[in-house]
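Counting convention: from 1, in listed order, for ligands and their atoms alike. Count residues from 1 along the sequence. Keep in mind the model is a prediction, meaning the values are calculated, not measured.
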Amino acid sequence: MKSFLSINDVEILSALVKDALEIKKNPHVYKELGRNKSMCLIFLNPSLRTRLSSQKAAFNLGLQTAVLDVGSQGWQLEFADGVKMDSDKAEHIKEAAAVIGSYFDVVAIRAFGKLENRDEDYSEQVIESFKKFCPAPIINMESGTGHPLQALADLITIEEHKIVGKPKVVLTWAPHPKALPQAVANSFSRWMQAADFDLTITHPEGYELADEAVGDAKVEYDQSKAFEEADFVYAKNWSSYTHYGKVLSKDSGWMVTNDKMKLTNNARFMHCLPVRRNVVVEDIVIDSDSSLVIPQATNRIYSMQTVLKHILEELK
Ligand code: CP
């Protein structure tokens, strides 16, 4: 693997998941792979899980890490070409990415969409700029359009807990006080379909995801109907893609409740975290034995570790 920007960088998905499950059993077996190598984690947005699981994954591989919080520690970056840099942006991405890539063997980036301009966010300007100007392999730690490390961790978690070969997986929109990106939902949808699971997406009118994310998934506007026979219920809020970045609804009727979970096939509850309790999901659901939110977060270590292993093997 040369870089990890989306599911398109995965050659054989089942082999990647198998590798992750093996690594989880023996996390230190590739301890020599990262010897004398280093990774820079660049954050343009906050993080708990991605930051710490990435450092833990690197530690398990003997790989050194440095973290740059661009907002509080770095110069503000200019991405536009040919501009007169007389505003608050002190450094151009052309130099920043080239310099960072000359210091480190791997560069991982988190850069959410700003939810102001769809074309801009979906052009993946930050990731694409690093791809262009940084000589080191790039890892996407959540970008404008996707969160592939989260989707891989989710897939590992479902593989560990599924009872039937092709489970029914429901991705349900849930309310939230703030406008959130579509990245997690986009990647989850793409990865579940690539894994050949039976995916239904349910959301209020106006929250349709981009066509390339929906793919062949079933879209059901009646949440209760979508939950019928579900083996896994994955809750996530996202803002509107069509009315880009807008919060069209805060309808608490879309919260995942214990009564709704009773409609399912004893489904396991999933969420990428952080989650707003009693807004997105009732306490009784997330605190129940059906909840997989902690195993999902734990698997973030092994999704990053597996990706890093594949990238480091290519660097050898
Ligand atoms: N799920 C996830 O990416 O968590 P953080 O935003 O805390 O990294």
Any nitrogen or oxygen of [X], side chain or backbone, less than 3.5 Å from one on ligand 1?
{"X": "Ser47", "value": "yes"}
{"X": "Cys272", "value": "yes"}
{"X": "Leu48", "value": "yes"}
{"X": "Arg51", "value": "no"}

Considering non-hydrogen atoms of the protein only, which is the closest contact for [atom], and what is the distance?
{"atom": "atom 2 (C) of ligand 1", "answer": "Arg300 NH1, 3.4 Å"}
{"atom": "atom 4 (O) of ligand 1", "answer": "Arg49 NE, 2.9 Å"}
{"atom": "atom 1 (N) of ligand 1", "answer": "Leu273 O, 2.9 Å"}
{"atom": "atom 3 (O) of ligand 1", "answer": "His147 NE2, 2.8 Å"}

Tell me whether the centres of the aromatic rings in Tyr122 and Tyr241 are closer together than 6.0 Å. yes
Under-4.0 Å salt bridge between [X] and [Y]:
{"X": "Glu160", "Y": "Lys24", "result": "yes"}
{"X": "Asp198", "Y": "Lys168", "result": "no"}
{"X": "Lys166", "Y": "Asp196", "result": "yes"}
{"X": "Glu128", "Y": "Lys131", "result": "yes"}

Taking side-chain hydrogen bond (donor to acceptor under 3.5 Å, both in side chains) as the cut-off, I'd like each qualifying pair that reaches into residues 86-108, sequence neighbours left out, listed once. Asp81-Lys94
Met141 heavy atom under 4.0 Å from ligand 1: no
Report yes or no: does Arg110 have a heavy atom closer than 4.0 Å to ligand 1? yes
